[in-house]
Amino acid sequence: MTTTTQARPRVERFDPATYEAKWRERWEADQLYRARDDDPRDKQYLLTMYPYPSGDLHIGHWYAATGPDIVARKRRMQGDNVMFPMGFDSFGLPAENAAIDRGIHPAVWTANNIERMRAQFRTMGCMFDWTREVVTSDPSYYHWTQWLFAQFFKAGLAYRAMAPVDWCPKDQVVLAREQVEGVDRHCWRCGTPVIKRDLEQWFFRITKYADELLDFSDIDWPEPIRLMQTNWIGRSEGAEIDFPVEADRVEPIRVFTTRPDTIFGATFMVLAPEHPLVDVLTTDAQREAVDSYVVAARRESEIDRMSTDRDKTGVFIGAYAVNPLNNERIPIWIADYVLPGYGTGAIMAVPAHDERDFAFARTYDLPIRYVVVPPSGEVPDGEAFTAHSADEVLTNSGEFSGMRATDAIGAITQQLVDIGLGSFAVSYRLRDWLVSRQRYWGAPIPIVYCPDHGAQLVPDDELPVTLPHDVDFAPTGVSPLQSDAEFLAASCPVCGGPARRETDTMDTFVDSSWYFLRYCSPHDDSQAWDPDRVRMWMPVDLYTGGAEHAVLHLMYARFFIKALRDMGHLSFDEPFTALRNQGQILGADHQRMSKSRGNVANPDELVERYGADAVRCFLMFIGPWDQGGPWNPTGIDGVHRFLGRVWSMSLPGETDASAPVAVERDEIERALRRATHVTIAEVSEDVEAFRFNTALAKLMELANTITRARESGVAGSAAFGEAVDTLLLLLAPMAPHITEELWARRGQPYSIHQQPWPAYDPALAVAETIELPVQVDGKLRDRLVVTPDTPAEEIERMALESEHVQRYLAGRQPARVVYIAGKLVNVVTPR
RNA sequence: GGGCGAGUGGCGGAAUGGCAGACGCGCCAGCUUUAGGAGCUGGUGUCGCAAGACGUGCGAGUUCGAGUCUCGCCUCGCCCACCA
């Protein structure tokens, strides 16, 4: 068989299957990405949020991990000692549900999933240091989660309290406030509306750190996350004021208000139905009405209680309080719009200046009195307003009338302080963190209850309190551990007598509040972390993950670090110096990916067809990393073709299409070198800024330039070699396999990932000529090609001589000529 | 109801106040291939034969010049939601 002469000798087509797995095995065997504790170079701790081992790695995991992997790889090439670990957040409900639904033990289900996901993770070609892997459900890990609980307990930061808790009737579990979502207050996991239950629960005292958690001055975090945490903490400054009541031997009602300046406008008081004084103060005549209202309020679902658009309801309890500043007698009501958990659970109602109080007053025909004059100067009649500006002036307010409202806040509060009936106060929306879970698959809380000595910590040398293997997983509303007699039996550390073991386990967010510390010394069996290693690696230099953790994990982790610092265990203030959030990859239907919707995209098929590099690059190319978007794989052919071009231009074998004369050749090489260095600068900047899409676009441009140069016959030149080598080095973090393969084939030393990041030479990036747009009245009319050092007068002269410009000037003199050096010329016509 | 963010070709998207649509997808034409696929080259905002005109959700404004800044609307997304 003969063939006609081909224009280009065939080079081997690129086939990722032939080299991707090979290089991953080599890197692993060489421990190329292992972070060394004894490395003297600058450390960089890069971290991406560890996944829950649900069983399958989907496209979102690839998207989330590839971004930070690129940055980690680049910083590594820049000479830093980079740690980029991975692990599994392996306690939690789905494992237990699997046990209930399918009879698989949570430990088995979890271990199988981890094994599968670990294998899937490896196909991504990320530079994870697997020698540091952390699995939170492993006793070697939760041993130290329990030890941390003990530290918090000893420091007075863990306490037990009876509390009305949010309860998911489907999952049969207590939920933290952060796990209740939406207007209908549903369970974050299964969507079932929650109900209230009273239970004895363990709490972490996060509110102690409310103020410090509001301070983000030393960390580089996205503005939206800082805002969400700030709003969640919800700091309000105001006053607590005591309103004496008309009853013997009853303490005054203490209210919290942010508007003490409006106290002369208080025409009634409202207590939360749960307020302890309700029972004491209610008169016999009102007793029946009050009791039935209280019962109804307590039985009411949160949906009704929290809804803002429903009509206000309440009941007069028959008692009266006294306004401490004007001695007015004002009626006391109860209403469910006053919440027991915020402030003092009681308010002074100022219907003229608070919309809610106004609505209530209208419903029950209570008096409305205006005491703050708005900037307009007109006191409205019968209509509420709440505006609060520096222009407002008080009226109907005794000695404070005429004072500016902003000044009156301080003055009135001070007066109340002086007479012993008030104080400056701050209130927070933030509540303490409820960590108890009535579940099996979590870290057991290391507490035993002694009839004589109460709640006692399990001594450190008896940790870990391990989960028993054989238990009954039927969802009964109590922890499966409660039916395990052997687990329950304990002895009191104080008296040695029989004691009952705590059967609640910890919220999995406790596990994830310190896993980044464990990565520093994951195999240390004698302590939670090695202080020297933590001193070396922490804090995390760059943390990446989903913005959905804004008020959950990301706030708890900050709290943990601050608390442990105050206990003397750590010497820094914040766990994560810089934070970046990736966007979410949605299903093709623009909905959040979930198994129940059946819109989960699995990358395996694409990886098999195009290789891991193409999938990585495509994910980074579809748009800004922090934006995400619906999944649509149709564009992957573009990056696949790009990688194919990189492949063929990097290998010898193709002949020059045409040989330019020497002068042109020189020019082409200079242009190629210029393009190379411009690309170095741009890609370096883009990667640090997480703009992987534009970084890739610029690499594609360089590849296109190289292709054109080759067709011009400069393939053998030094400039050409430099351009190709640079392209491979800049691309290596995004496409680690193909670049390694080509680097080797080009005879360069192993490994491309150990080469220094290309150095940018600004002198080589300077353009010889520039093209200046010429506008007339801001509209493009012509272009000038000039050298960068052409004087301004010369450029203006050339612009005015342009026939296109002349046409629009139509013989007139220009009103002015704007020349922005190196940018453009704008000829302004007379008006 | 409050807060934050976003609206740019058929699609994903690019653009320190300075050439709108980089880079890709798709589409069209050509080359190559027994064919299909893959690959390669060129074209591709809209209207128009063309010259040209018009174009970044809508309406004003600032400016020599606005996708970008200001004000007012509309739409979508996320977070919070009776927090006194």
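Note that the structure is predicted; figures quoted are calculated from it, not measured. FYI, side chains are in, hydrogens and waters are out, and symmetry mates aren't considered; it's all heavy atoms of this structure.
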Query raised in the report: How would nucleotides 17-24 of chain B be written as a contact map, 5' to 3', with B for base contact, S for sugar-phosphate-only contact and - for no contact, using protein heavy atoms under 4.0 Å?
Result: -BB--BBS

**Report entry** Rounded C1' spacing from B/G45 to B/C19 in Å
**Finding:**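 Between the two C1' atoms, the distance is 15 Å.
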
**Report entry** Distance, C1' atom - from B/G21 to B/G26, rounded to whole angstrom
**Finding:**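 Result for the C1' pair: 16 Å, nearest Å.
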
Between N or O atoms, less than 3.5 Å apart, protein on one side and nucleotides 47-52 of chain B on the other: list the pairs.
residue : atom : partner  : partner atom : Å
B/G52   : OP1  : A/Arg807 : NH2          : 3.2

Query raised in the report: Would A/Arg429 count as a cation-pi partner of A/Trp232, with NZ or CZ less than 6.0 Å from the six-membered ring centre and within 45° of the ring normal?
Result: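 So A/Arg429 does make the cation-pi contact.
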
Query - Contacts of A/Glu685 that satisfy salt bridge (charged side-chain N to carboxylate O under 4.0 Å, His left out) - sequence neighbours left out - result: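 A/Glu685: salt bridge (charged side-chain N to carboxylate O under 4.0 Å, His left out) contacts with A/Arg691.
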
Query raised in the report: Is the A/His640-A/Phe14 ring centre distance short of 6.0 angstrom?
Result: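 Between A/Phe14 and A/His640, which both carry aromatic rings, the centre distance is below 6.0 Å.
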
Requested in this report: Verify whether the ring centers belonging to A/Phe268 and A/Phe360 lie closer than 6.0 Å.
Outcome: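 Yes - the distance between ring centres of A/Phe268 and A/Phe360 falls below the 6.0 Å cut-off.
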
**Report entry** Which residues share a ring pair (Phe, Tyr, Trp, His ring centres under 6.0 Å) with A/Phe690, sequence neighbours left out
**Finding:**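 With sequence neighbours excluded, A/Phe690 shows a ring pair (Phe, Tyr, Trp, His ring centres under 6.0 Å) to A/Trp625, A/Phe692, given in chain and number order.
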
Query - A/Thr726: partners by side-chain hydrogen bond (donor to acceptor under 3.5 Å, both in side chains), with sequence neighbours left out - result: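 With sequence neighbours excluded, A/Thr726 shows a side-chain hydrogen bond (donor to acceptor under 3.5 Å, both in side chains) to no residue whatsoever.
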
**Report entry** Syn/anti state for B/G9 [syn: chi within 90° of 0]
**Finding:**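 Syn conformation for B/G9.
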
Report task. For A/Ser236, answer base if it contacts any base atom (sugar-phosphate contacts may also be present), sugar-phosphate if it contacts only those atoms, and nothing otherwise; contact means non-hydrogen atoms under 4.0 Å. Result ->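 Since only primed, P, OP1 and OP2 atoms lie under 4.0 Å of A/Ser236, the category is sugar-phosphate.
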
Query raised in the report: What nucleic acid atoms does A/Pro624 come within less than 4.0 Å of, heavy atoms only: base, sugar-phosphate, or nothing?
Result: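 Contact class for A/Pro624: sugar-phosphate only.
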
**Report entry** Pair assignment for RNA chain B - dot-bracket with | for other-strand partners, Watson-Crick or G-U under 3.5 Å
**Finding:** (((((((..(((.....[....)))((((((.......))))))(((....)))..(((((..]....))))))))))))....

